[in-house]
Asks: 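Below are the structure tokens for one structure; questions will follow.
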2 protein chains.
Amino acid sequence: MGESDNNARTLSIPESTVLRLPVYQRILVNFERRGLNTISSADLGRLSGENAASVRRDLSRLGSFGTRGTGYNVATLIRQIDRVFATDQPHGVVLVGAGNLGRALVQSNNFFGHGTQLVAVFDADPALIGGELGGCTVLADEHLEAEVRTASVHLAVLTVPVSVAQGVAERLVTAGVRYILNFAPTTLHVGAKVTVRYVDLSIELQALSFYERDDAARHSGTSIGTAGITNAARSPKHRTHRSSAQPR
Amino acid sequence: MGESDNNARTLSIPESTVLRLPVYQRILVNFERRGLNTISSADLGRLSGENAASVRRDLSRLGSFGTRGTGYNVATLIRQIDRVFATDQPHGVVLVGAGNLGRALVQSNNFFGHGTQLVAVFDADPALIGGELGGCTVLADEHLEAEVRTASVHLAVLTVPVSVAQGVAERLVTAGVRYILNFAPTTLHVGAKVTVRYVDLSIELQALSFYERDDAARHSGTSIGTAGITNAARSPKHRTHRSSAQPR
DNA sequence: TAGATTGTTAATCGATTAACAATC
DNA sequence: TAGATTGTTAATCGATTAACAATC
């Protein structure tokens with residue numbers, strides 16, 4: 001595509017690519033730490049579990065930063081991916097729910113950062129309120145609206161029980177939140193202008209156990225029923241990451 | 001497709017469908033609790049955030065259990081989805097890593113079950129060893145191989161730090177594990193016969209913040225660069241859930 | 001019968017990947 | 001020049017969805 005894209009700030013990047021860039025970034029940072037200056041799409045593919053052609057296609061979305069015959073400059077690629085996620089201008093995020101999962105996310109030291117910054121934590125449990133988490137004091141639930149408004153936060157991470165998830169989501173949206181990462185295993189019904197991204201951890205294990213059974217049935221010929229079992233159901237591909245926006 | 005599929009036990013079910021069935025199941029169980037006997041694809045779609053046609057297509061993989069003009073019997077659907085995940089014959093799973101995330105998964109009361117059963121928990125931290133988690137005593141790391149072998153476990157959930165993930169994965173595989181749900185943000189290099197499913201939580205938030213910025217740029221016309229910003233990068237669709245198998 | 005809703009067809013769309021010309 | 005590797009084309013594949021005949 002055109003030379004005019006060279007210094008483009010915001011390019012059209014497919015979701016599948018957006019989800020893979022952080023994986024590449026991790027590998028690149030490792031390479032840099034080890035003092036390696038260049039990397040080929042073949043290596044990056046091997047290390048990320050992706051097809052080399054996919055890697056090249058993904059990286060070509062950032063611009064044309066490779067060198068034929070040589071590969072990609074590691075530092076350049078890191079800089080370009082940082083640019084996509086604007087890691088130098090992080091967006092504020094509030095975390096609602098300071099239970100096990102909320103704490104696990106914060107303490108992973110890997111969840112926030114990379115374009116986001118935790119600015120407030122809320123919980124309803126008096127035992128947690130006043131405690132410290134990720135550099136924030138855990139605030140009582142009822143201060144949620146005020147804080148979100150004064151800090152002009154548009155992003156929220158929801159790690160609350162299912163029973164209160166919808167209510168909290170509504171309050172967040174009223175206070176100005178437009179993007180919610182929802183860990184509660186329930187569908188949120190919010191306005192069409194709000195983007196909800198769902199992470200349902202239990203589904204992952206269910207899927208894996210389904211495949212264990214499916215493979216076993218296939219290999220042992222133990223199809224208890226009659227159906228022909230095709231391989232179509234199984235695509236031993238790459239590391240996909242879930243997307244999703246609002247239910248209608 | 002044939003009538004012979006009617007009582008098929010293992011049908012070819014696409015990954016995208018496998019990942020949505022648990023969502024439907026949750027909604028169906030809610031319906032049943034509320035004493036509702038039937039549900040239409042339109043309702044199930046609204047409640048799950050999916051297109052009604054997708055719902056029908058998904059459910060048709062289970063067989064032909066709907067009634068034209070009426071909808072689906074809730075109890076029947078629940079039974080059929082349970083059958084797909086063989087919830088009556090759960091597979092054993094070991095959890096390696098009893099830190100915040102491991103505990104969050106177990107205590108969610110939603111992660112195990114649905115076709116799986118937690119049979120052992122391991123950790124390397126003496127402070128955690130001997131404690132109780134999900135009905136299991138947290139065992140010392142070094143007992144991992146013996147336990148996996150004697151219990152003939154094929155499924156493992158990895159919630160350990162990145163630094164030890166590869167080593168633990170290798171030990172699990174040697175002991176007979178064939179399916180790994182990996183929460184450590186690193187690619188695991190195991191044999192081709194082992195299926196690894198990756199859940200990288202930090203990527204989810206990065207993606208969401210990318211879209212926040214992307215939307216802002218699009219709407220304010222603040223394209224700092226030159227590129228035309230298309231809508232193609234954004235597909236406000238459904239609740240997808242990540243897949244993935246082994247890197248090659 | 002009239003209304004509602006399924007199950008499936010066919011069109012569309014996006015994502016993956018082999019292949020290869022361009023070029024370092 | 002010879003070898004290596006990118007960037008892109010084109011083929012393929014799977015997933016989504018509108019539309020509608022079938023049918024309760």
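Below, chains carry the letters A, B, ... as their sequence lines are ordered, and counting in each starts from 1. Everything numeric in this text was worked out from a predicted model, so none of it was measured. All values below come from the heavy atoms of this structure, side chains included, with hydrogens, waters and symmetry mates left out.
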Asks: I need the CG-C1' distance between A:Asn73 and D:dT5, as an integer number of Å.
Replies: 15 Å
Asks: CZ of B:Arg61 versus C1' of C:dG7: gap in Å, rounded?
Replies: 12 Å
Asks: State which of D:dC24, C:dA18, D:dT6 makes the closest approach to the side chain of B:Thr67.
Replies: D:dC24
Asks: Under 4.0 Å from OP1 or OP2 of C:dT16: is there any side-chain N or O of A:Ser16 that close?
Replies: yes
Asks: Measure from CG on A:Leu19 to C1' on C:dG14 and round the result to the nearest Å.
Replies: 14 Å
Asks: Have a look at A:Ser40 and say if it touches a base, only the backbone sugar-phosphate, or nothing, with a 4.0 Å heavy-atom cut-off.
Replies: sugar-phosphate
Asks: Which whole-number value in Å describes the distance from B:Leu21 CG to D:dA15 P?
Replies: 13 Å
Asks: Looking at B:Asp200 and A:Arg26, is any side-chain nitrogen of the basic one under 4.0 Å from a carboxylate oxygen of the acidic one?
Replies: yes
Asks: Among D:dG7, C:dT17, D:dA18, which nucleotide has an atom closest to any side-chain atom of B:Ala53?
Replies: D:dA18
Asks: The side chain of A:Arg56 is closest to which nucleotide in this list: D:dT8, C:dT6, D:dA15?
Replies: D:dT8
Asks: Fill in the dot-bracket string of DNA chain C, one character per base: . for unpaired, | for a pair to another strand, ( ) or [ ] for pairs within the strand, taking Watson-Crick or G-U pairs under 3.5 Å.
Replies: ..||||||||||||||||||||||
Asks: How close or far is atom P of C:dT16 from atom CD of A:Glu50, stated in whole angstroms?
Replies: 7 Å
Asks: Nearest heavy atom decides the nucleotide; on that basis, is B:Tyr72 or A:Thr17 closer to the 5' end of DNA chain C?
Replies: B:Tyr72
Asks: Under a 4.5 Å cut-off applied to non-hydrogen side-chain atoms, are B:Leu44 and B:Leu59 in contact?
Replies: yes
Asks: Please state how far atom CG in B:Asp58 lies from atom P in D:dT16, giving the value in whole angstrom units.
Replies: 8 Å
Asks: Can a salt bridge be assigned to the pair B:Glu15 and B:Arg197 using a cut-off of 4.0 Å between side-chain N and carboxylate O?
Replies: yes
Asks: Between A:Thr76 and A:Asn73, do the side chains contain a donor N or O and an acceptor N or O under 3.5 Å apart?
Replies: yes
Asks: Decide, yes or no, whether a salt bridge links B:Asp82 with B:Arg79 under the criterion of side-chain N to carboxylate O below 4.0 Å.
Replies: no
Asks: Cut-off 3.5 Å, side chains only: do A:Ser202 and B:Asn110 have a donor facing an acceptor?
Replies: yes
Asks: State, yes or no, whether a side-chain contact exists between A:Thr116 and A:Leu155 at a heavy-atom distance under 4.5 Å.
Replies: yes
Asks: What nucleic acid atoms does A:Ser41 come within less than 4.0 Å of, heavy atoms only: base, sugar-phosphate, or nothing?
Replies: sugar-phosphate
Asks: Just how far, in rounded Å, is C1' of C:dT5 from CG of B:Asn51?
Replies: 14 Å
Asks: How long is the line joining CG of A:Leu62 and P of D:dT8, in whole Å?
Replies: 12 Å
Asks: Out of C:dG7, D:dT8, C:dA21, which has the shortest distance to the side chain of A:Arg68?
Replies: C:dA21
